[in-house]
Amino acid sequence: MVTKLFTRNTAITLFVFVVLMSLFLPFSLAFAETGMDLIEELAIFQMRQASDASSLFSETLYADSAFNERDVIRPDYYAGHYVKDNVLHICFTGKSVERKNEIADLLEDYGDKVVFEERTFSQSELERYASELVSELERSECIVYASSVDGTVSSIVLSVSESSYDRALDILSRSAQVPGLNIEVEISEPIQLMSNTDLIAGTEVISRISTNEFHLTLSATGTYNGSNAFLTCGHDVKSSSTLYTSNNSVLGTASYVRFSDGKSGDFTIGTLSNSFSPMHKTKTGSSSSALWDGYMTTPAKNTIIRKYGVNGKYAYGKVTSTNNTVYYDDIGYSISGLVKVSLSSGTVQSGDSGSPCWTSDMKFCGVLCSSVTGYFYFTPYGTIRNAGFSVYSQHDGTYTYHNTSKHKNNCSLCGGYVYESHSGTWSDYNSTYHKKYCSICNQTIYEMHGDYYDESTGKCTKCGRTGSITVESLSILPLQQKISQANTPCFK
Amino acid sequence: MKKLICTLCFILSVSMILIACSAGNATNCYLSKDKTRAVIAPKGEVIGDELIQWAETGEDSSEGNENAINLANTINSLLYETYGGRDSMPDYYLGNCYSVSEEGSNNDVKVGIVLTDGADSTEIKDLLKAYESDIVYKYVKYSYSELTEMQNKIIDVLDDKGIKIYESALSGNYEHICVGIDKESFDDSLDAIAEFANEYNITVTAEISGAVELD
């Protein structure tokens with residue numbers, strides 16, 4: 001057994017070492033080239049340490065897990081893991097101490113970048129509980145759309161239809177309580193599989209002019225003249241022509257093409273076919289993607305710009321100048337108003353025209369159009385926006401109440417949920433509760449003083465109430481949820 | 001007779017050298033040692049050390065640190081949202097650059113707001129009041145429209161003379177314009193650029209560049 005473990009651990013360590021070397025070396029070279037300062041380099045190094053420790057632990061976890069047709073069955077020692085403030089936190093259950101020690105040895109080199117925490121429930125136990133709860137609710141004809149578990153905070157979240165919500169709360173409040181386990185119920189829409197027709201920037205666009213076929217890259221989606229629209233480069237696109245996706249589906253029609261001699265910018269705004277859903281997501285690698293978080297109209301000199309194109313894939317560099325006029329000798333066109341980027345890493349290839357360009361903090365900032373050895377040029381978003389295109393670069397929708405600490409937003413563009421802490425300030429309500437009003441989700445939230453009462457000072461640390469408080473049972477979380485949902489608290 | 005011919009040849013050689021020197025002065029050009037970059041200033045204008053350094057190294061001395069870059073982007077966004085685009089911004093506002101205080105280190109980089117000398121710039125200064133401690137105002141000879149007109153004009157001028165030009169840009173400090181020239185045309189372009197620099201009274205930096213390709 002020991003030999004087997006040693007062999008497996010050695011193999012994993014060697015594998016991770018090779019991966020680390022291959023990941024770290026290009027970064028080191030890139031830093032050397034771009035002249036990033038030591039502090040930035042150190043910050044990235046620290047972040048990578050936690051991330052690398054996490055990868056190594058994930059490999060170990062994978063090796064310790066069992067698999068069947070439907071599920072991954074995690075080992076009973078595992079409750080969850082997460083990275084916070086560049087430190088990997090691994091939650092153990094106290095079972096299989098021997099294995100915990102082996103893992104600690106394996107991660108020894110990461111020092112204080114790895115900490116171990118103890119939890120009561122393993123992830124597998126939580127999944128079993130969740131499954132039992134779902135069955136119980138379904139037996140009572142509740143519509144359950146999803147369940148999720150988070151071993152790091154020992155919680156189960158059950159997503160039910162609006163019509164089933166009250167019944168679910170009632171059933172759960174009557175069922176046997178498990179000390180230390182948080183069960184939350186939330187109202188949800190039916191979960192839909194993301195369609196493969198969702199448009200991610202960085203995918204291929206095909207333009208056909210007479211018998212010629214041009215391969216371009218999708219820059220972004222947004223709105224134009226009140227309709228859903230998309231963006232790509234202006235050259236190699238004919239006004240009013242139809243543009244296609246890589247599998248030959250009609251993407252839409254080129255409504256506005258900007259590419260003419262002496263004019264500023266090189267881009268096409270197309271009206272999006274109804275069979276596609278716009279998104280605020282971009283490819284960042286062959287199998288990775290990320291969401292944009294806003295836009296930048298004109299990046300300043302030295303801003304780091306990233307791009308993803310269908311052929312040259314991911315690359316990045318620094319803005320060297322912001323007002324370039326480029327002369328294309330073969331067609332005799334000069335195009336002004338372009339931003340020039342000096343490439344630090346990666347390449348630009350034919351077919352990358354239209355590539356989305358964005359900043360390090362994920363702000364969409366333009367459409368790539370051309371390149372010369374070591375540099376690429378793009379039309380800044382400010383020019384495109386002035387032509388009437390508004391990019392989808394953020395989650396849409398409004399926030400609704402989620403639980404006593406957070407509200408949530410279900411974005412119709414990416415389907416994702418965004419959770420944010422409630423706004424407002426806590427104030428004393430009565431001897432049992434303090435409350436606050438969140439102006440974002442429009443709810444009054446109540447919490448018990450008992451959870452935050454500091455006996456040494458005789459004070460509630462949340463609302464500052466001094467003097468006597470009434471402590472009620474804390475084991476009825478579903479009821480607490482129910483209380484929080486109402487505008488006035490319901491007292492037993 | 002032989003002596004006379006020798007004397008005439010000597011006088012002719014000296015004259016040729018003097019003509020060549022005076023022509024050199026007229027172009028007011030600094031050519032880098034590797035002959036890949038040149039700075040061409042109008043007659044009588046002194047070519048500064050920074051431009052000579054650029055010609056020799058290809059490196060721009062105006063690097064910004066992270067704070068300055070973030071502030072420059074914030075100012076760009078503020079001005080864009082206020083005016084709705086570059087075309088609606090005041091003509092006396094050219095853009096921003098990075099400025100290191102003489103006695104300072106890299107941490108003392110400020111954002112330089114470049115304005116046309118002599119213009120009434122109260123409006124933009126009021127708008128940027130909140131950032132006053134982190135910016136410095138710099139003044140240049142031309143307005144934005146004058147400078148961009150020259151930037152676009154030089155492409156036509158050189159193209160008309162059969163010189164292969166691939167790009168033009170405003171310099172980082174908005175004091176001169178930059179051009180990228182095909183390797184084969186580079187030597188021939190210097191006289192034509194000097195003519196342009198004298199006619200428009202503007203310094204031009206030129207470097208050998210490859211053809212920009214549509215991707």
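No experiment lies behind these values; they were computed from the predicted model shown. The figures that follow rest on heavy atoms only: side chains count, while hydrogens, waters and symmetry mates do not. By convention in this document, chain letters (A, B, ...) are assigned in the order of the sequence lines, proteins followed by strands, and residues within each chain are numbered from 1.
In terms of heavy-atom pairs under 4.5 angstrom with chain B, the leader among A/S334, A/P299, A/S321 is A/P299. Between chain B and the options A/N311, A/V326, A/T322, A/L216, heavy-atom pairs under 4.5 Å are most frequent for A/V326.
Using a 4.5 Å cut-off between heavy atoms, B/D159 contacts chain A through its side chain alone, with no backbone atom that close. Proximity to chain A (any heavy atom under 4.5 Å) is restricted, for B/D60, to the side chain, taken from C-beta onward. Contact annotation for A/Y377: only side-chain heavy atoms (C-beta onward) come within less than 4.5 Å of a heavy atom of chain B. In this structure, the portions of A/T303 lying under 4.5 Å from any heavy atom of chain B include both its backbone and its side chain. Using a 4.5 Å cut-off between heavy atoms, B/T148 touches chain A through its side chain atoms alone. Heavy atoms closer than 4.5 Å to chain A are found in the side chain of B/Q151, but not in its backbone. Interface remark: A/I331 contributes side-chain atoms only to the contact with chain B (heavy atom separation under 4.5 Å).
One distance of note links CD of B/E66 with CG of A/N302; it measures 12.0 Å at 0.5 Å rounding. The distance from the NZ atom of A/K301 to the CG atom of B/N173 is 8.0 Å, given to the nearest 0.5 Å. Taking CG of B/N152 as the reference point, atom OG of A/S264 lies at 9.5 Å (rounded to 0.5 Å). To the nearest 0.5 Å, the span separating OG1 on A/T359 from CD1 on B/I69 amounts to 12.0 Å. Atom OH of residue B/Y166 and atom CG of residue A/N324 lie 16.0 Å apart, to the nearest 0.5 angstrom.
When side chains are defined from C-beta on, B/D156 does not count as touching A/Y327, because their heavy atoms never get closer than 4.5 Å. A/T298 has its side chain out of reach of B/R86: every pair of non-hydrogen atoms, C-beta onward, lies at least 4.5 Å apart. Side-chain contact between A/L338 and B/E167 is absent, with no heavy-atom pair separated by less than 4.5 Å. With contacts defined as side-chain heavy-atom distances shorter than 4.5 Å, the pair B/L214/A/D266 qualifies.
Within a 6.0 Å radius of CD in A/E213, more than 12 heavy atoms belonging to other residues, nucleotides or ligands are found. In B/D87, the CG atom is not crowded: 12 or fewer heavy atoms of neighbouring residues, nucleotides or ligands sit closer than 6.0 Å. Around atom CG of A/D330, more than 12 heavy atoms belonging to other residues, nucleotides or ligands sit under 6.0 Å away.
Side-chain N or O atoms of A/Y375 include none that pairs as donor or acceptor with a backbone N or O of B/V212 at under 3.5 Å. Remark: the backbone N or O of A/T297 is not paired with any side-chain donor or acceptor of B/N76 at under 3.5 angstrom. Side chain of B/N73 to backbone of A/A300: a donor-acceptor contact under 3.5 angstrom is found.
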**OP:** Walk me through it: do B/D215 and A/S371 pass the test side-chain hydrogen bond (donor to acceptor under 3.5 Å, both in side chains)?
**Re:** CA-CA 7 Å; B/D215 291 305; A/S371 66; 2.9 Å; yes

